[in-house]
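Take a look at the structure below.
We use all heavy atoms of the structure for the numbers below, so side chains are in, but hydrogens, waters and symmetry mates are not. Per chain, numbering begins at 1; letters A, B, ... match sequence-line order.
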2 protein chains.
Amino acid sequence: MGYKYNKEDILNVGFDVFRRNGYHNVGINQILKEAGIPKGSFYNFFETKEDFAQQVIKQYGESNGCWMKDYFDDCSLSPIECLKSFYAMMIDLNEKDDYSGCCLVNNMSVEVGRQNNAIASEANTHFVGWLNILASVVAKGQDLKEITNEFTPLQLAEYLHAGFYGVLSRTKVTRNRVYMDIWFDMTFKFIKA
Amino acid sequence: MGYKYNKEDILNVGFDVFRRNGYHNVGINQILKEAGIPKGSFYNFFETKEDFAQQVIKQYGESNGCWMKDYFDDCSLSPIECLKSFYAMMIDLNEKDDYSGCCLVNNMSVEVGRQNNAIASEANTHFVGWLNILASVVAKGQDLKEITNEFTPLQLAEYLHAGFYGVLSRTKVTRNRVYMDIWFDMTFKFIKA
DNA sequence: TAAATTAAACAGAACAGTCTAATTATTTAC
DNA sequence: GTAAATAATTAGACTGTTCTGTTTAATTTA
């Protein structure tokens with residue numbers, strides 16, 4: 001039997017609240033309220049708000065990395081079709097989420113990446129992890145002559161990654177999937193071998 | 001003879017401060033300090049912090065739109081070369097700005113686009129304006145068979161726009177121009193007719 | 001019993017925004 | 001053209017709230 005609250009539950013609340021509302025727009029009290037915990041318990045687990053945010057990013061970054069890895073490992077389609085189904089799913093998820101245009105790590109890095117080195121570095125760590133997973137799929141697609149060989153797997157992964165976050169961010173103000181769909185069509189047409 | 005302070009100067013300070021530090025991370029007092037004005041003067045010109053931010057976006061959005069229009073109107077190169085020189089310049093500017101990865105409108109829309117409809121709508125207005133300028137150059141490039149005809153000018157403009165902001169945001173944590181250069185090479189290779 | 005956790009009152013700083021007074025510019029009256 | 005009246009702007013002290021983080025005590029688990 002553990003104690004009443006645990007870190008992971010609070011981190012999950014933090015993920016949800018930060019993702020939807022940003023970092024500076026959210027006060028500790030909002031986290032406490034949504035998690036249903038008193039302040040003392042929060043500061044028992046976390047040193048500061050910044051430390052908390054960093055752990056939130058870390059937990060999400062790692063779990064998302066595992067999830068991506070599993071997705072591509074389990075995907076029975078050809079490499080480029082795996083990439084397509086992955087991004088098609090991401091687009092669907094964002095639509096279902098009512099175009100909140102939210103990736104916690106991307107939002108955080110845009111909002112505070114320049115002022116907060118700890119958060120920027122944490123964000124970059126996970127971006128790099130995700131990019132390597134994408135790059136390994138791209139490499140397989142290149143071996144099968146599905147994907148252009150004119151660029152390295154990592155370069156193409158960066159291209160997919162940045163492009164997707166670009167259109168994802170765009171939906172924050174358009175609230176419409178049409179731009180994501182266009183991006184999808186164009187990108188996969190362009191990277192084809 | 002006017003009065004001591006004027007709106008435009010304060011808006012310019014706001015542009016600078018918001019661009020570097022974000023919206024919720026900046027207090028009115030910081031604006032006052034950097035602009036060298038007392039609080040009463042600020043609230044004489046602006047209703048609220050939100051109203052101020054909206055006017056900051058508007059001023060920058062419009063002036064940047066004019067600047068883009070002039071740039072392309074004055075550009076003596078072929079359409080696709082104008083686009084290339086434009087983005088090459090944007091990349092250089094971001095490098096000179098020490099990879100602060102900053103477009104005020106993009107930052108604002110990512111940070112508060114989901115919670116603040118007024119700011120989201122203002123941001124979208126200017127994005128659309130900029131996109132139309134890009135699209136008109138793309139259209140000329142298509143007429144000259146420099147740019148692929150497989151997509152509409154606006155679709156290609158959206159693609160350039162979102163892609164650029166995607167890699168620009170990426171530099172917030174990488175602080176390195178290499179990813180922007182890769183994006184540049186790939187994108188202009190891809191959209192070529 | 002000892003250590004960890006829970007609980008909430010508390011502290012000091014920072015927050016957006018208000019208020020009244022003094023100053024400056026502009027308009028009106030003659 | 002000048003003086004008086006009006007309007008706009010400047011100035012900063014002040015308000016009430018919210019912010020992160022502290023503290024101390026009670027409770028729970030090992």
Side-chain angles (χ1 to χ4, degrees), chain A residues 1-59 107-108 111-112 115-119 122, chain B residues 1-59 104 107-108 111-112 115-120 122:
Chain A
M1 280 297 260
Y3 285 88
K4 198 167 173 185
Y5 311 118
N6 67 80
K7 254 174 116 155
E8 218 167 289
D9 290 344
I10 308 175
L11 287 173
N12 282 329
V13 170
F15 166 72
D16 217 56
V17 176
F18 282 142
R19 192 175 70 98
R20 284 213 235 292
N21 303 102
Y23 177 69
H24 286 110
N25 190 33
V26 168
I28 294 293
N29 285 319
Q30 190 176 345
I31 306 281
L32 304 181
K33 198 179 167 189
E34 303 226 17
I37 56 168
K39 196 167 270 194
S41 304
F42 179 90
Y43 279 101
N44 177 50
F45 289 121
F46 309 103
E47 304 238 322
T48 60
K49 181 188 175 184
E50 186 192 7
D51 169 51
F52 175 63
Q54 219 178 318
Q55 291 195 43
V56 167
I57 292 173
K58 187 176 181 178
Q59 178 181 267
N107 289 354
M108 284 280 202
E111 184 183 346
V112 302
Q115 304 115 36
N116 191 314
N117 288 331
I119 286 178
E122 190 70 45
Chain B
M1 279 296 264
Y3 287 90
K4 196 167 176 186
Y5 311 118
N6 67 80
K7 254 174 116 155
E8 217 168 291
D9 290 344
I10 309 176
L11 287 172
N12 282 329
V13 170
F15 167 71
D16 217 56
V17 176
F18 282 142
R19 193 174 71 98
R20 283 213 236 292
N21 302 103
Y23 178 69
H24 286 112
N25 190 33
V26 167
I28 293 294
N29 284 317
Q30 189 177 346
I31 306 280
L32 305 182
K33 198 178 165 190
E34 303 227 15
I37 57 166
K39 196 166 270 193
S41 303
F42 179 89
Y43 280 101
N44 177 51
F45 289 120
F46 308 102
E47 305 238 321
T48 60
K49 182 187 174 184
E50 186 192 7
D51 169 52
F52 176 62
Q54 218 178 319
Q55 292 194 45
V56 167
I57 293 173
K58 187 176 181 178
Q59 177 181 269
L104 174 87
N107 289 354
M108 283 279 200
E111 184 183 345
V112 303
Q115 303 113 40
N116 192 313
N117 288 331
I119 286 178
E122 191 69 44

Could you state the atom-to-atom distance from CZ of F45(A) to P of dG21(D) in whole Å? 17 Å
Are T48(A) and D51(A) packed together at the side-chain level, in the sense that at least one heavy-atom pair is separated by less than 4.5 angstrom? yes
Length of the CD-P vector between E50(A) and dT20(D), whole Å: 13 Å
Any side-chain N or O of K4(A) below 4.0 angstrom from OP1/OP2 of dT6(C)? no
At 4.0 Å (heavy atoms only), tell me whether G27(A) reaches a base, stays on the sugar-phosphate, or touches nothing. sugar-phosphate
Report the distance from atom CG of N25(B) to atom C1' of dA16(C), rounded to the nearest whole Å. 15 Å
P38(A) side chain: which of dT10(D), dA8(C), dG17(C) is closest? dA8(C)
Which nucleotide in dC15(C), dT20(D), dT10(D) has an atom nearest any side-chain atom of N29(A): dT20(D)
Integer-rounded Å distance: dT5(C) C1' and F42(A) CZ: 15 Å
Has K39(B) got a side-chain N or O lying under 4.0 Å from the OP1 or OP2 atom of dC19(C)? no
In whole Å, what is the span from the NE2 atom of H24(A) to the P atom of dA16(C)? 12 Å
From C-beta outward on S41(A), which listed nucleotide comes closest to its side chain: dT20(D), dA16(C), dT6(C)? dT6(C)
Grab the OH-C1' distance between Y5(A) and dT28(D) for me, whole Å please. 12 Å
Nearest-Å distance for atom pair CG/P, residues N44(B) and dA21(C): 18 Å
Considering only dC15(C), dG17(C), dG21(D), which nucleotide approaches the side chain of Y43(A) most closely? dG21(D)
Nearest-angstrom distance from the residue atom NZ of K33(A) to P of dT18(D): 11 Å
How far apart are the closest heavy atoms of Y23(A) and A53(A), and which atoms are they? CE1-CB, 3.5 Å
A side-chain contact here means heavy atoms from C-beta on lying under 4.5 Å apart; do I57(A) and I119(A) qualify? yes
Other residues, nucleotides, ligands: >12 heavy atoms within 6.0 Å of E8(B) CD: no
Flag side-chain contact, heavy atom, 4.5 Å: N12(B) against Q59(B): yes
